[in-house]
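Since the structure comes first, as structure tokens, the remarks are kept for the end.
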Amino acid sequence: MIDPKLLDDESLKTTLAKRNEKYAKMAEELSLINNRWKLLKAEIDNLRHEQKSRSTMMRTLKGDEAASLRDELKKLSDTIKEKSSLLLVIENEKMEMALHIPNIPYADTPDGGEENNREVGKWGSIPEIENPLPHWELGEHLGILDFDRASKMSGSRFSILKGAGAKLERALINFMLDEHTSSGYTEMSPPLLVKRDTMVGTGQLPHLEEDAYKTSGDDPYFLIPTAEVVLVNSRRDEILENSELPVKYVAATTCFRSEAGSYGRDVRGLIRQHQFWKVELVKITAPEESENELIELKNNAEGILKKLELPFRTVMLAKGDMGFAAARTFDLEVWLPSENTYREISSCSNCTDFQARRTKIRYRPNTGDKPQLCHTLNGSGIAVGRTLLAILENFQTPDKNVVIPPVLRPYLGGKAMITPEGLK
RNA sequence: GGAGGAGUGGCCGAGCGGUUUAAGGCGGCGGUCUUGAAAACCGUUGAGCGAAAGCUCCGGGGGUUCGAAUCCCUCCUCCUCCGCCA
């Protein structure tokens, strides 16, 4: 949620328009609604004041006097009720509008859409592989990936990892968690099913309703699309001690996404699944620290790719390509030989106070100070399924085996190679 | 799934229709005393909206009433017992 106090700021509207024209209009409307709300609120406050001060007199009055005052106060009370219900309508309208406006991007993020994303870093050398196999062919050849049997049970966009494939996934999760906990992140194992307000808190709802899975019934559970949802919301409605900042969490969880609107895209292989493992990093920081913390978080994510010896590049997203809650985002894109291009494997964002305002996560800069909103950051550290497929493709050998990156070998009983016969 | 009990400020806890403008304690902060500290004593001590006056907030929502922390309905959360269960 954006700061309602900034609603009349022209530069805010200009920046929002760079995401999409419609958001500037929404901000304009919200500002009008907000002013209507303030006026009515003040009016009701005054009426209530009158009601309070006069109703204390009721205690001492008797007989006719009491009866006539009661009649008067009854009218006052009815007026207040009437106006309050109108205020409630406006308030809901205001909330509904506010929840649909995205965060304000930092001014130094590139203008435009995806095509204007700015490359800010590049690492590793692209492997020279003759006729690289796509990971699904390689995986099926090695007997570690099975899409057919998965779709028999669950339909498209599901997979079974088998034997060395399943072990490799587990090794990756453990490796990433070990790396991040040694960088000072606290490991968490959170719920994967959450209530609606939790999804609203981090900004997945209401605008991405159709991409979320939920259980049936009047009070459904939502399946988390990312651990960011739970890691951030876990501190909802809290006032943190300054000494506790920055809060740094890491969790490996399954993530669930319906991928509505991406029909026909990445239908083959592990790239876009309805269910996937992701190691997620979340930070809660003081406002003035968030930009530096974002760089560090991005470096933590990059560290995983470097240790795994996977070539990648880093891009700063343009305003039109950023997620709803983000004010700045770095995407890490790993090299995929079969596609001869870089593909997203991590997205690291500074959400500034956008999620903190929705979730009321605050801190006290010094003892006695007023609480202030924190900044929240999140980033994949990193997507496990995509890492697995990147390893298969980048480390494939001419005889269709896969070399295991050295850093993972301790997690795989010291084995160095995946072959059709298993780990060797 | 069945039967009970409970949710009040940072924490504990009183209040059960109108001096609650939420007692009291603990903790925190400031002070007196002290070489310093402890103890003792005194003072102070939440959040949101608003330019201010003021208004709102006793788990959430709704209702009764001139007036609700207090009465009623409903939902949520936690606890205890029984049943079932990885």
Side-chain angles (χ1 to χ4, degrees), chain A residues 1-9 30-99 189-201 205 214-222 230 233-245 247 254 353-374:
Chain A
M1 199 151 50
I2 61 173
D3 186 350
K5 292 197 174 75
L6 299 177
L7 279 173
D8 295 320
D9 186 338
L30 181 56
S31 165
L32 292 175
I33 294 174
N34 196 41
N35 289 336
R36 269 212 291 156
W37 178 85
K38 274 191 209 169
L39 282 175
L40 187 57
K41 174 78 161 54
E43 193 185 340
I44 292 171
D45 282 358
N46 289 333
L47 291 174
R48 253 201 261 271
H49 179 56
E50 191 186 336
Q51 180 188 41
K52 273 176 89 166
S53 54
R54 295 181 67 189
S55 69
T56 50
M57 290 162 64
M58 279 299 294
R59 281 177 64 237
T60 50
L61 293 180
K62 292 259 169 359
D64 286 352
E65 279 186 315
S68 87
L69 180 57
R70 184 180 294 120
D71 286 349
E72 266 182 67
L73 286 175
K74 171 71 178 157
K75 282 188 196 117
L76 184 56
S77 169
D78 288 344
T79 311
I80 291 174
K81 273 178 192 161
E82 206 176 297
K83 288 187 187 288
S84 296
S85 65
L86 179 59
L87 186 71
L88 192 69
V89 170
I90 296 176
E91 218 161 72
N92 288 339
E93 211 178 319
K94 182 178 144 183
M95 216 28 166
E96 178 67 15
M97 178 87 41
L99 287 176
S189 180
L192 308 184
L193 268 55
V194 298
K195 291 176 182 294
R196 166 171 228 100
D197 56 349
T198 303
M199 294 282 279
V200 172
L205 293 184
K214 62 180 174 195
T215 60
S216 59
D218 292 336
D219 194 12
Y221 285 113
F222 287 80
V230 267
N233 273 284
S234 68
R235 306 307 296 272
R236 191 165 71 191
D237 296 319
E238 292 190 37
I239 299 172
L240 309 183
E241 291 299 327
N242 195 9
S243 56
E244 202 192 342
L245 302 181
V247 172
T254 313
D353 61 10
F354 185 85
Q355 293 177 330
R357 185 169 292 106
R358 289 177 167 224
T359 48
K360 298 192 179 66
I361 301 177
R362 292 168 295 177
Y363 81 111
R364 220 181 279 282
N366 296 293
T367 313
D369 286 356
K370 282 276 173 192
Q372 266 188 47
L373 290 170
C374 293

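Predicted model, so just to flag it, every value in this text is computed and none were measured.
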*Over how many whole Å does the gap from A/N35 atom CG to B/rA51 atom C1' extend?*
14 Å

*Go through B/rC76, B/rG46, B/rC49 for me and flag the one nearest to the A/R364 side chain.*
B/rG46

*For atom P, what is the distance between B/rG59 and B/rA69, given to the nearest Å?*
10 Å

*Structure string for RNA chain B in dot-bracket form, Watson-Crick and G-U at under 3.5 Å, | interchain*: ((((((((.[[[..)..(.....]]]((((((.......))))))((((....)))).[[[[[..)....]]]]])))))))....

*What distance, rounded to whole Å, do you find between the two P atoms, one in B/rC75 and one in B/rG24?*
38 Å

_A/R235: salt bridge (Lys or Arg N to Asp or Glu O under 4.0 Å) partners, not counting sequence neighbours_ = A/E238, A/E244

*asked:* Tell me the interatomic distance from A/K360, atom NZ, to B/rC57, atom C1', rounded to whole angstroms.
replied: 12 Å

*Listed by chain and number, what are the salt bridge (Lys or Arg N to Asp or Glu O under 4.0 Å) partners of A/E43, not counting sequence neighbours?*
A/K83

*Could you tell me the separation between the NZ atom of A/K38 and the P atom of B/rA52, rounded to a whole number of Å?*
11 Å

*Phosphate-side-chain proximity, A/S77 and B/rU65, N/O vs OP1/OP2 below 4.0 Å*: no

*Take the protein atom CG of A/D71 and the nucleotide atom P of B/rC66, then report the distance between them rounded to whole Å.*
9 Å

_If you assign A/I44 and A/S55 each to the RNA chain B nucleotide with the nearest heavy atom, which residue ends up on the more 5' nucleotide?_
A/S55

*Nearest whole angstrom, please: distance from the P of B/rC55 to the CD of A/E91.*
18 Å

*List for me each residue that meets side chain to side chain donor-acceptor pair (under 3.5 Å) alongside A/T198, sequence neighbours excluded, and say none if there are none.*
A/R236

*Rounded C1' spacing from B/rC57 to B/rG4 in Å*: 31 Å

_List the residues meeting ring pair (Phe, Tyr, Trp, His ring centres under 6.0 Å) with A/Y363, not counting sequence neighbours, and say none if there are none._
none

*Do the side-chain N or O atoms of A/R362 get closer than 4.0 angstrom to the phosphate oxygens (OP1, OP2) of B/rG48?*
yes

*asked:* Can you tell me if A/K74 touches the phosphate of B/rC66, counting only side-chain N or O atoms and a distance under 4.0 Å to OP1 or OP2?
replied: yes

*What distance, rounded to whole Å, do you find between the two C1' atoms, one in B/rA38 and one in B/rU32?*
15 Å

*Backbone N/O of A/L73 and side chain of A/S77: donor-acceptor pair under 3.5 Å*: no

*Calculate the interatomic distance between A/K81 atom NZ and B/rG63 atom C1'; express it in whole Å.*
9 Å

_Validation row: A/L40, A/I44 side chains within 4.5 angstrom (heavy atoms)_ = yes

*asked:* Do A/L205 and A/L99 make a side-chain contact, defined as non-hydrogen atoms from C-beta onward lying under 4.5 Å apart?
replied: no

*Pick the C1' atom in B/rC76 and in B/rA14, then give their distance to the nearest Å.*
26 Å

*Taking the P atom of each, how far is B/rA22 from B/rG46, in whole Å?*
12 Å

_From B/rU77, B/rA47, B/rC66, nucleotide with atom closest to A/R70 side chain_ = B/rC66

Result block: side-chain N/O donor-acceptor pairs under 3.5 angstrom for residues 91-98 of chain A, not counting sequence neighbours:
from	atom 1	to	atom 2	distance (Å)
A/E91	OE2	A/W37	NE1	2.8
A/N92	ND2	A/L88	O	3.4
A/K94	NZ	A/N34	OD1	3.1

*For A/Y221, check side-chain contact (heavy atoms from CB on, under 4.5 Å) against everything at least two apart and list the hits.*
A/L193, A/K195, A/T215

_Any donor-acceptor pair under 3.5 Å from A/R196 side chain to A/P220 backbone_ = no

*Does any residue of residues 45-52 of chain A have a heavy atom under 4.0 Å from RNA chain B, and if so, which ones, in number order?*
A/D45, A/N46, A/R48, A/H49, A/Q51, A/K52

*Quickly work out the A/L73 CG to B/rU65 C1' distance and round it to whole Å.*
11 Å

*How many Å lie between CD on A/E238 and P on B/rG10, as a whole number?*
12 Å

*Between B/rC11 and B/rG63, how far is it from one P atom to the other, in whole Å?*
30 Å

*So does A/R196 get a side-chain nitrogen or oxygen closer than 4.0 Å to the phosphate oxygens (OP1/OP2) of B/rG60?*
no

*Sequence neighbours left out, what passes salt bridge (Lys or Arg N to Asp or Glu O under 4.0 Å) with A/K52? Give chain and number order.*
none

*Euclidean distance for P, B/rG61 against B/rC42 (whole angstrom)*: 40 Å

